[in-house]
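Residues: numbered from 1 along the sequence shown. Just so you know, these numbers use all the heavy atoms, side chains as well, and skip hydrogens, waters and symmetry mates.
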Amino acid sequence: MLINFEGIDGCGKSTQIHLLKQYLEEQGRRVQVYREPGGTPIAEEIRSILLDSKSNVSAISELLLFSAARAQLVQEKIIPALDNGTTVILDRFYDSTTAYQGYGRSVLTIDEISVLNKMASCGLVPEFTFYLRISQILALQRRLKCAQDRMEMAGKEFYSRVLEGYESIIKEHPRFIVLDGAQSIESIAKEIRRHLKSK
Ligand code: ADP
Ligand code: TYD
């Protein structure tokens with residue numbers, strides 16, 4: 001089973017992924033968590049280029065680098081894990097590329113981005129996509145203590161386009177389960193478990 005978590009930076013993905021992994025392991029499942037970009041030595045190197053606030057990355061190379069990191073992770077880790085029955089939980093997948101590079105940067109059309117996404121992910125489609133919906137203000141408050149990476153320095157208008165982008169993507173893909181990210185950590189975790197049980 002392949003599950004991804006989506007939402008703007010600070011929406012609570014990592015927190016929920018950690019709890020879900022624990023819960024699934026208690027049920028006797030094998031679980032692997034990967035964050036994007038990252039998860040393999042090459043993808044981690046690409047991550048440091050992409051998130052370094054000193055990198056001067058053009059919009060099109062940004063898109064291609066996120067996709068390259070994904071292609072590496074999919075081939076090297078995700079496909080082998082799924083093949084041996086491991087549940088894979090992803091902290092972001094290609095929906096992030098659609099939202100950030102497609103809607104946020106408007107670097108190519110959404111159809112063109114979809115072609116690239118399919119290529120980089122070898123056609124994998126997650127069974128569940130949990131979207132943690134949260135306002136930009138709350139996300140910013142939660143991230144106040146952290147240093148900003150290059151993506152987070154992109155500004156308020158950029159994040160508004162990303163948020164609107166996610167809303168469009170959600171409407172088009174029934175695999176999305178939208179959760180209120182402003183709720184308490186425990187009540188969001190409960191809702192996630194409820195959705196998984198009901199399938
Ligand atoms: P993400 O992985 O989406 O960037 P995190 O899970 O790292 O987000 O959460 C960002 C910050 O917000 C962390 O300090 C975390 O403890 C806190 N946080 C996460 N979920 C909630 C929540 N539901 N309510 C309050 N704070 C939260
Ligand atoms: P990360 O520190 O993992 O942020 P978060 O905790 O919010 O997931 O940084 C990943 C950043 O890269 C985040 O700002 C979203 C962005 N991103 C894209 O722009 N496109 C992508 O395809 C992916 C996977 C991430």
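- No side-chain donor-acceptor contact under 3.5 Å links Gln101 to the backbone of Val107.
- Side chain of Arg92 to backbone of Gly7: a donor-acceptor contact under 3.5 angstrom is found.
- Side chain of Tyr23 to backbone of Ala189: no donor-acceptor contact under 3.5 angstrom is found.
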Open item on the list: As a quick check of understanding, evaluate salt bridge (Lys or Arg N to Asp or Glu O under 4.0 Å) for Arg175 and Asp95, giving each step before the final call.
Closed with: CA-CA 11 Å; Arg175 71 184 151 83; Asp95 300 307; 2.9 Å; yes
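- Every residue was checked against the salt bridge (Lys or Arg N to Asp or Glu O under 4.0 Å) condition with Arg30, not counting sequence neighbours, and none meets it.
- Residues Ser160 and Gln136 are in side-chain contact: their nearest non-hydrogen atoms beyond the backbone lie under 4.5 Å apart.
- Looking only at side-chain heavy atoms (C-beta outward), Met1 and Val88 stay at 4.5 Å or farther from each other.
- No side-chain heavy atom of Ile3 sits under 4.5 Å from any side-chain heavy atom of Glu127.
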Task: Pair Glu152-Arg143, salt bridge (Lys or Arg N to Asp or Glu O under 4.0 Å): steps then yes or no - done: CA-CA 10 Å; Glu152 287 165 345; Arg143 298 197 321 257; 3.5 Å; yes
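- Ser67 contributes a side-chain N or O that, together with a main-chain N or O of Leu63, makes up a donor-acceptor pair within less than 3.5 Å.
- Under the 4.5 Å side-chain criterion, counting only non-hydrogen atoms from C-beta, Glu191 is not in contact with Ile177.
- In terms of heavy atoms, Ile134 sits closest to Gly10 at CD1-O, 3.8 Å.
- What you find for Ser135 and Leu138 is that their closest heavy atoms are OG-N, 3.1 Å.
- Between Tyr131 and Tyr166, the ring-plane angle classifies as tilted under the 30° and 60° cut-offs.
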TODO: Dump the intermediate steps for salt bridge (Lys or Arg N to Asp or Glu O under 4.0 Å) on Arg35 and Glu44, then the final yes or no.
DONE: CA-CA 10 Å; Arg35 67 168 180 188; Glu44 289 292 334; 2.9 Å; yes
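- When only modelled atom types and interatomic distance are considered, Ser53 and Asp149 share no side-chain donor-acceptor pair under 3.5 Å.
- Between the side chain of Thr97 and the main chain of Phe93, no donor-acceptor pair closer than 3.5 Å is present.
- In plain terms, the two heavy atoms of Ser121 and Asn117 that are nearest each other are OG-O, 2.7 Å.
- Across all their heavy atoms, Gln75 and Pro80 have their closest contact at O-CD, 3.5 Å.
- Considering only heavy atoms from C-beta on, Ile60 comes within 4.5 Å of Leu108 through its side chain.
- Side-chain contact check for Glu62 versus Met151: some heavy-atom pair is nearer than 4.5 Å.
- Remark: side-chain polar atoms of Ser187 are not paired, donor with acceptor, to backbone N or O of Gln183 under 3.5 angstrom.
- Here the straight-line distance linking atom CG of Leu20 with atom CG of Leu196 works out to 6.0 Å at 0.5 Å rounding.
- Interatomic distance, NZ of Lys197 versus CD1 of Ile192, reported as 12.5 Å (0.5 Å rounding).
- Between the side chain of Arg142 and the backbone N or O of Cys11 there is at least one donor-acceptor pair closer than 3.5 Å.
- No donor-acceptor pair under 3.5 Å is formed between the side chain of Gln72 and the backbone N or O of Ala69.
- Using a distance-only test at 3.5 Å, with no hydrogens or angles considered, a donor-acceptor pair links the side chain of Thr98 to the main chain of Tyr94.
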- [ ] Show the numbers, then the answer: is there a side chain to side chain donor-acceptor pair (under 3.5 Å) between Glu36 and Ser96?
- [x] CA-CA 9 Å; Glu36 275 215 21; Ser96 289; over 6 Å; no
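- Using a 4.5 Å heavy-atom cutoff, the side chains of Phe158 and Leu163 are not in contact.
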- [ ] Evaluate salt bridge (Lys or Arg N to Asp or Glu O under 4.0 Å) for Arg161 paired with Glu157, printing each intermediate quantity in order.
- [x] CA-CA 6 Å; Arg161 291 195 296 278; Glu157 280 81 33; over 6 Å; no
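- A donor-acceptor contact closer than 3.5 angstrom is absent between the side chains of Thr109 and Asp111.
- Below 30°, between 30° and 60°, or above 60°: for Phe128 and Phe130 the angle between ring planes is below 30°, a parallel geometry.
- Heavy-atom minimum distance, Thr40 versus Leu73: CG2-CA, 3.8 Å.
- Distance check, rounded to the nearest 0.5 Å: CG of Leu124 to CD1 of Ile79 gives 5.0 Å.
- When all heavy atoms of Ala99 and Ile169 are compared, the pair lying nearest together is N-CD1, 3.8 Å.
- At a threshold of 4.5 Å between non-hydrogen side-chain atoms, the residues Leu2 and Leu90 count as touching.
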